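Written below as C-alpha cells is the structure these notes are about.
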Amino acid sequence: MLALAVEHTDDAVMITRTDGIIEYVNPGFERITGYPAHQVLGRTPGFLRSGAPSPGFYGQLWQTIRHGRSFRAVFTNRRRNGEIYFEEKTISPIRDLNGEIRHFVATGKDVTERMAAARHLERKAHYDSLTGLPNRSLLHDRLHQAIQRAQRQGRLVAVQFVDLDRFKIINDTLGHATGDRVLIEAARRLRGCLRATDTVARLGGDEFVLVQEDLEHPDTAEQVARKVLDTFSDHFPVGPHDLCVNVSIGVALYPGDGADPESLLMRADLAMYRAKEAGRNSFRFFESALDAGSMRSLTLEGAIRKALERREFSLVYQPLIDTRRHLPLAIEALLRWHSPHHGSIPPDHFIPLLEENGRISDVSCWALREALRQTRALQEAGHPQLRLAFNLSGRQFRDPGLVHDIRSALDDTGFDPRLLDLELTEHALTDNPEAATAVLRALRDLGVQLSLDDFGTGYSSMALLAHFPLHSLKIDRRFIHDMERDQQAAIIVRSIVGLARNLGLEVAAEGVENRAQLALLQELGCHRIQGQVLTRPLTPDELGAALPPP
Ligand code: C2E
Ligand code: CA
Ligand code: CA
C-alpha cells in the first residue's frame, strides 16, 4: 500500500542517502523533472539546480536535515529540457531502528503556475500596466527607502514631478490609443534620463515622478531636469503624427523640503504647478513662501497648521456696487488670519503657505461655509438678492474634491447656488485648460456663476475666454491704480471693457480708490465697482449696519 501510494502520488518523491546519492525517485519526479529514473539513480540532485541560489541556501539545508529536522523551501530548479520551474519541497531525515539518520526523503510540488500568478498579481499591484513603470504605491516604498538611506549617508534625494503639458488635447483629439503611445514613449524617454538605480514612476494620467538618490548637490537634480526638458523637445513620432509634447517639472529635495514621501511629493507637485504658472516647458525648484521676504519665521508654518482648529481665521466682506443704481450687487468674502503670536498676516502671505502645506482646501471649505451662512443671514434680514463672491485659489482646481465640497456646502447651508459667484484667477484656467473646463462646467451645472479675477495679469487668450462658461471679468487693481497717470493702463482698461462687452460678459473694477478713477471707469462703461472709494472690507456686523435698509 505504502509503495503504491508513493508510486501514484502527483508529487515528486526522491530518497537519497545521507551523502546525497539518489536511491529512489517516483514517477511524479520523472514527470516533473523530465528525467527518467535510470538517469538519476546513483547521482546527487545537483543536476536540478538552476544556477544562483541565495548564498548560504544549501548550507542551511544540509545543516537543518543533518540535525534531524525537516527543511522546507521553494527551490528554483531546472527541468531536463532546460526550463526553470519552482518546486515547493520538504526534505526530511529518515532514521533507522537505532535512531540514526540513514536517508533523506524529499517530496516536492511543482508550484510554477502558482508563483507566476502571484508574481503577476504583485506586478499588477506595484506596476503601471501601460508603461511598466512603478505605480504610486511602489513609488512610496522606494521613496521611503531612499529617504532612509539618504539619512544614514547624509546625502540628498531629489523628487521631480513631471507633468505633460496639454496632454488631454492629444487624448481628446487623436484618441486614447495615440495618447497611450505618447505615454509609453514619455516613460521611455524619462527612463533614459536617469541612472538605473533611480526610479521613474507613473502616478496616473500624464503625471510622472522621478526619484534621484544619493545626490551630493542640488545641481545634479537640475541637470536631470534640463535633460528631461531637452529630451522632450524632440517631437514624438506617433503613427502619422509628429507631436510636440512638452513637460513642466517641479523639484523638491530631501531633507530641505520635507522628511517624508508625502510632503516631498506634495511640494514637488506645487513646484510643478508654479512652473506651469510661469509658462510651461520649464522646471522649478520648490521654494517655500517662508523664505520669501519678511516671512522667515519657521514658527509661522507651525502656527498656520493649527490656525483652523484654534479659530484664528475670520472673514470680512467688501461690497461690489452697481454705481448706476447705488445697489450692492454682491459682497466678496476676504479671509483674515489673526495669529496670537504673529499678529495679523495678510492673505497674500498666508494663502501661499496654506497651498504649500496642503491645508488650503480645509481652510477654504471652512471659509465657504462660514461665508454662505453669514450671507444667508443677510439675505434673510431683508436683502434676498444679495450675492456672495468667493475666491478660489488656483491650487484648489487641482483638488478632485472641489466640486463636491462646494455642492455639499451649498446643500448644507441651504444657500441658493444662483447667488454665488466664484472668483478664479487666470492661472487656474491657463495652467490646465482642459481640466479647468471640466471643473468649470461642473460648477456651472451647480448653478453658480463664475468670474475671472485679477483680469489682465495672466495669459488667457481670447479663444480661452470664449471657451469657458464665464459670467464676468474683474479688472485687476493694478490697472485701475495706474490708469490715471499711465496711458497704457488706461488703454488696457478700455480694451477689457470692450472685450467683455463683445463676449457678452459683465465687467467689474476692483481696488478703486478715488473719485477720479471712479469717474473714468463710468465714462468707459464699467459700472460695477469695488474699492476703498466706496468702502473697505467690513466685518459682518459692520456690513449689517452699512447695507441700505430693506
Ligand atoms: P483679491 O481677490 O483681488 O481681493 C481684493 C483685494 O483688494 C483684497 O485684498 C482687498 O482688501 C483689496 N482692496 C480692497 N479695496 C482696495 C482698494 O481700494 N485699493 C487697493 N489697493 N486694494 C483694495 P486682501 O483682502 O488682502 O486679499 C488679497 C488676496 O488674497 C485676494 O485678492 C485674494 O486673491 C486672496 N484671498 C483673500 N481671501 C481669500 C479666500 O478666502 N480664498 C482664496 N483662495 N483667496 C483669498
Ligand atoms: Ca477676488
Ligand atoms: Ca482681484
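Start at 1 with the first residue, then count along the sequence. Atoms within a ligand are numbered from 1 in the order they appear, just like the ligands themselves. Since we're looking at a predicted model, the values are computed, not measured.
Within a 6.0 Å radius of CZ in R136, other residues, nucleotides and ligands contribute 12 heavy atoms or fewer. Counting heavy-atom neighbours within 6.0 Å of Q488 CD, excluding the residue itself, gives a total of 12 or less. Within 6.0 Å of atom CD in Q487, 12 or fewer heavy atoms from other residues, nucleotides or ligands are found, so the atom counts as exposed in its surroundings.
By the definition of a contact as any protein heavy atom under 4.0 Å away, atom 45 (N) of ligand 1 is in contact.
Within the 4.0 Å heavy-atom criterion, neither part of Q530 lies near ligand 1. At a heavy-atom cutoff of 4.0 Å, ligand 1 is contacted by the side chain of E332 but not by its backbone. Within the 4.0 Å heavy-atom criterion, the part of L392 lying near ligand 1 is the backbone and not the side chain. At a heavy-atom cutoff of 4.0 Å, ligand 1 is contacted by the side chain of D453 but not by its backbone.
Side-chain atoms of S408 and D411 form no donor-acceptor pair, as typed in the model, at a separation below 3.5 Å. Between the side chains of T535 and Q318, no donor N or O sits under 3.5 Å from an acceptor N or O. Side-chain contact, E355 with Y273: no donor N or O sits under 3.5 Å from an acceptor N or O.
In this structure, the side chain of E423 does not engage the main chain of S451 through any donor-acceptor pair within 3.5 Å. Judged purely by atom type and a 3.5 angstrom limit, N246 has no side-chain atom pairing as donor or acceptor with the backbone of S233. The backbone N or O of A519 sits nowhere less than 3.5 Å from a side-chain atom of Q522 that would complete a donor-acceptor pair.
Ligand-side atoms of ligand 1 in range of S393: 44 (N), range being under 4.0 angstrom from any heavy atom. Close approach of ligand 1 to D348 (heavy-atom distance below 4.0 Å) involves ligand atoms 28 (C), 29 (C), 30 (O). For ligand 1 and G531, the ligand atoms under 4.0 Å from any heavy atom of the residue are 15 (N), 18 (O). Atom numbering of ligand 1 starts at 1 in the shown order; those under 4.0 Å from a heavy atom of D454 are 3 (O). The G511 neighbourhood of ligand 1 comprises atoms 16 (C), 17 (C), 18 (O), 19 (N), with distances under 4.0 Å to a heavy atom of that residue.
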Between F286 and F161, does a ring pair (Phe, Tyr, Trp, His ring centres under 6.0 Å) hold up when you go through it step by step? CA-CA 11 Å; F286 171 75; F161 207 105; over 10 Å; no
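Here the N, O or S atom of D453 that is nearest to the Ca ion (ligand 3) is OD1. Its N, O or S atom nearest to the Ca ion (ligand 2) is what matters here, and for E332 that atom is OE2. Closest to the Ca ion (ligand 3) among the N, O or S atoms of D454 is OD1.
With hydrogens left out, the protein atom closest to atom 9 (O) of ligand 1 is R477 NH2, 4.4 Å, a heavy atom. Shortest contact from atom 26 (O) of ligand 1 to any protein heavy atom: P347 CG, 3.4 Å. Scanning the protein heavy atoms around atom 38 (N) of ligand 1, the nearest turns out to be L335 N, 3.0 Å. Ranking the protein heavy atoms by distance from atom 39 (C) of ligand 1 puts I351 CD1, 3.7 Å first. Among protein heavy atoms, the minimum distance from atom 13 (N) of ligand 1 is reached at Q318 OE1, 4.1 Å. Remark: minimum distance from atom 11 (O) of ligand 1 to any protein heavy atom is reached at P537 CG, 3.5 Å. Summary of contacts: the protein heavy atom closest to atom 31 (C) of ligand 1 is L334 CD2, 4.4 Å. Distance from atom 20 (C) of ligand 1 to its nearest protein heavy atom, with residue and atom name: E513 OE2, 3.3 Å.
Put simply, the angle at the Ca ion (ligand 2) from OD1 in N391 to OE1 in E423 is close to 90°, to the nearest 10°.
Taking the charged nitrogens against the carboxylate oxygens, E542 and R536 do have a contact shorter than 4.0 Å, which makes a salt bridge. Ionic pairing of E332 and K474 is present here: one or more N-O contacts between side-chain nitrogen and carboxylate oxygen are shorter than 4.0 angstrom.
Using the six-membered ring where Trp is involved, F350 and W337 have ring planes that are perpendicular, over 60° apart on the 30 and 60° scheme.
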